[in-house]
Structure formats: structure tokens, C-alpha cells
Amino acid sequence: MPLALLALAVGAFGIGTTEFVIMGLLPEVADDLHVSIPTAGHLVSAYALGVVIGAPLLAAVTARLPRRTVLIGLMALFVAGNVLSAFAANYDYLLAARFLSGLPHGAFFGVGAVVATTMVAPERKARSVSLMFLGLTVANIVGVPAATLMGQHLGWRATFLGVSVIGVAAIASLALLIPHDHAHAPKVGLRGELAALKSLPVWLALGTTVAGFGALFSAYSYIAPMLTDAAGFADGSVTLLLALFGVGATAGNLMGGRLADHSLRGTLFGGLASLVVVLALFPLLMTTEWTAALAVILLGVAAFVTGSPLQLMVMEKASAGPSLASSANQAAFNLANAGGAWIGGLALAAGFGATSPALAGAVLAVLGLGVAGTAWGVDRRRTVPGRERVVAAHVPEQARALHS
């Protein structure tokens, strides 16, 4: 695997850290800026909104630029957003800075995935994507806990300055390690990128991402109350257990990349099916502490096994112009984040119990399997019409023979 993938992973590590660290610093931010914790929670939504808007928008705007230049520019925008967050004078400025920080997120992963797959042999494409995503999953093990501790001891502003330093390191890595053959503009411009989005298989792949990762976030958004209320863990244990989720996600990500290079669709179906089983078993697994810890790890494994296959499938279905579709998949991931959390919250509000968000997630995972199955059926039907047309071409000759 080329060393250039390390540069992409460093950028992913910084992005993953800044995306999730705010959740652990909400009390500090709320106290410093004199707002309520629910109001401070809008900072999470502002970042996600930036991802959803920025992913397709920036990918489209930069479609004719060299991908190496695009990646460096996106990371520069990321650094700017985090520096502005660190020096935000009040809550409104911080809200705007968080939105700005989210803008390059999806496009970086989208364009980065395209670059990663062009640097390896065809049989290693999924693994190259998983190695880039490795930075995101490792951020949940190392980056987020470390940045949270920094924010709690040095102030939340220090955290965003620290993340900015990671962004600068990523820029240097990208400039040094990304091959110069990516310094030329792609042959496919904006028109080609937009044309690729007209494909039904592309939209079915995006729909699978929304449903599949919506299943994850339906449960993960409420994992803390599950662990404390259902499994009986103390509040102070939740941070360590979330790190276990990161371990599971890292293992699942690497496993999914390797398996998908052998069977892309088989890995996708297997990952979604395992996600259904894990989420359906959550009420049982959350009855003791050790099984609850196991459930957290298994959730990370099952969910992130599908990450690389879904990203690669979207890119393959939009092979004529993959950058925009690949970035749109990151927007779909964040829609899944928001939608899954909303659906899990509905289950809790309805009084179905602390583990009900996991059962709602199981339903979403079944929906994801259904969408993936539909996509498989569409692919099969698209090969049949060609054969039918060949057969039909001989019908007139047969008819003439019968009449004669």
C-alpha cells in the first residue's frame, strides 16, 4: 500500500476528532458562552449541516481542479474553521465556525477515496479506502478522548487549536506524499460528474448508506443511557466504553476493506445482516456489564464492515464521474446520523425502554438490506435486456420462416 494513504488517514484523523469531540465538551462550551447545554448541542447539528451542504457543493465546484490541489484546499478550509472556532467571541460565531468546519468534511473523504483507489491495483481498492477511513475510526479511540481531556483541563478553545495543528500536519503530508500525477485536472468535468448522479444504482447505493448507517446512529446516539440505565455502568465508565466502540469500528473497517476486495456485494449483505442481529440482541446484551461491553464492540464491527464496500460501490456505479457521487455518499452518512438519532429518539419518547433505539435501528438495518437487495435486482435486470434484445432481433427471421 502506498505511503500516500497515510496522508489521507492523517486528514481523516483530524476530521474525525473535530466532528465528535464537541459532544464531550458541551458542558464546558455552554458554561463559557453562557448558553444552555441543549442550545450548545446545536453546534453538533451545525457541523453535520455543513457536511451535508458542503459535500456535493465543494465536489461540484472543484470538479475541474487537480485532486491533489482540491485535497490540500479542503484541509486548509478545515484548519480555518477550527482556528475560527478556537477564537469565536460568542456562541453565534462558534455556530458559524462549526458550520464552516463541516463544509470540507464530505468532499475530503469523497475525493480522497477516489485518489486512494487510483493509487493501488484493482484488487486492493476496498482496502485502500479502508486505510483512509482508518484515520476516522482511530480518532474515536485516541483523538476524541485525548482532545476531550485537553478541553477539560486547558479549556475547549485549546482543543480546536490542537485539531488545527493536526490539519496543518495533514496539509504537509498531502503536499509531500500525494503523487504529482494527481496534480492535473481530471478529464471528467462538472457535466460528467452530474451525469453520473443520474444513475439509479448510484441512488440505491446512497439509500443503502442512509438506511444502514441510520441503523447505527439510532442506537449509538443513545448508547450512554443504555449503558447506565440498562446495563448499570457508572457515568464515568462511558468514555472508556465508547473507546471500545472505536476499537470495534477500526476492526470492522479493516475487515470490511479486505473482504470487499474479494466480494463487494457479499460483504455488504453480510455486514448489514450482522448489524440486524447485533441490534436485535441489544435488549438481551444490555442486561450485564460484560455483555454490554461486548455489544458496544460488536456494534462498531458490524456497522463499519459496510463502510468501505458502500463507498466503493457508489464510486463504481458512478465510474464515469466518481468524485461528486463519492462525496454525496458522505452527505448520506451524515443524513443517516441525523435521521437515525431522530428515529431512536422517537422510540425513547414513546416509552419503549432504554434499549428501544437499538430495536428501531434493527428495523432500519432490515430496510438497508431491502434497498441493497433492490440494487442487486436492478443490476441483474440491466444485464438481461441486452440478451432479450439479441433474441428479439431474430424473431422476424423466424416469423418469415414460419410464413414461408
Side-chain angles (χ1 to χ4, degrees), residues 1-19 47 50-84 97 99-120 125 128-129 131-136 163-197 311-312 314-315 318-331:
M1 287 293 180
L3 192 59
L5 292 176
L6 175 63
L8 296 172
V10 171
F13 178 81
I15 289 174
T17 300
T18 204
E19 179 180 16
Y47 184 94
V51 178
V52 173
I53 294 175
L57 179 63
L58 292 181
V61 168
T62 60
R64 290 189 175 277
L65 296 177
R67 286 171 179 151
R68 182 171 177 269
T69 302
V70 171
L71 289 171
I72 293 173
L74 291 171
M75 192 49 59
L77 182 60
F78 168 81
V79 171
N82 281 279
V83 170
L84 290 173
F99 174 79
L100 180 65
S101 300
L103 285 175
H105 176 130
F108 181 86
F109 279 105
V111 176
V114 175
V115 170
T117 57
T118 59
M119 292 190 294
V120 298
K125 284 185 176 182
S128 72
V129 174
L131 288 177
M132 181 188 69
F133 283 162
L134 188 63
L136 181 64
V163 172
S164 301
V165 173
I166 297 174
V168 172
I171 291 174
S173 301
L174 291 167
L176 289 172
L177 299 177
I178 297 296
H180 283 277
D181 55 1
H182 291 288
H184 304 289
K187 294 180 180 179
V188 178
L190 178 58
R191 182 175 297 179
E193 296 281 355
L194 290 172
L197 281 180
Q311 189 72 37
L312 191 58
V314 169
M315 291 162 56
S319 57
S323 294
L324 182 55
S326 182
S327 300
N329 193 51
Q330 294 302 310

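Position 1 is the first residue of the sequence; numbering continues from there. Below, each value reflects all heavy atoms present in this structure, side chains not excepted, and no hydrogens, waters or symmetry copies.
The CG atom of L58 sits 7.0 Å away from the CG atom of L77 when rounded to the nearest 0.5 Å. Atom CG of residue L324 and atom CG of residue N329 lie 11.5 Å apart, to the nearest 0.5 angstrom. Distance check, rounded to the nearest 0.5 Å: CD1 of I166 to OG of S173 gives 11.5 Å. Once rounded to the nearest 0.5 Å, the distance linking CD of Q330 with CD of Q311 reads 5.0 Å. Here the CZ-CG distance, from F133 to L8, works out to 10.5 Å after rounding to the nearest 0.5 Å. If you take CG on L134 and CG on L6, they are separated by 10.0 Å, rounding to the nearest 0.5 Å.
Contacts of V79 classified as side chain to side chain contact (heavy atoms under 4.5 Å, CB included), with partners at least two apart in sequence or in another chain: V83, S164, V168, I171.
The backbone N or O of A113 sits less than 3.5 Å from a side-chain atom of T117, completing a donor-acceptor pair. Between the N82 side chain and the F78 main chain, a donor and an acceptor come within less than 3.5 Å of each other.
Counting only residues at least two apart or on different chains, the side-chain hydrogen bond (donor to acceptor under 3.5 Å, both in side chains) pairs with a member in residues 100-115 are Y47-H105.
Checked against F109 for a side-chain contact (heavy atoms from CB on, under 4.5 Å), the options L136, L74, V51, V129 give a single hit: L136.
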The test is side-chain contact (heavy atoms from CB on, under 4.5 Å); show your working for L174 and R68 and say whether it passes.
CA-CA 7 Å; L174 291 167; R68 182 171 177 269; over 6 Å; no

Test log, rule side-chain contact (heavy atoms from CB on, under 4.5 Å), inputs S323 and R67:
CA-CA 9 Å; S323 294; R67 286 171 179 151; 3.4 Å; yes

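In this structure, A12 and M132 approach most closely via the heavy-atom pair CB-O, 3.4 Å. Of all heavy-atom pairs spanning V111 and S327, the tightest one is N-OG, 4.0 Å. Nearest heavy-atom pair, A4 versus L177, reported as atom, atom and distance to 0.1 Å: CB-O, 3.2 Å. Of all the heavy atoms in T118 and V115, the pair that sits closest is OG1-O, 2.7 Å. Annotation for M75 and G11: closest pair CE-CA, 3.6 Å, computed over non-hydrogen atoms.
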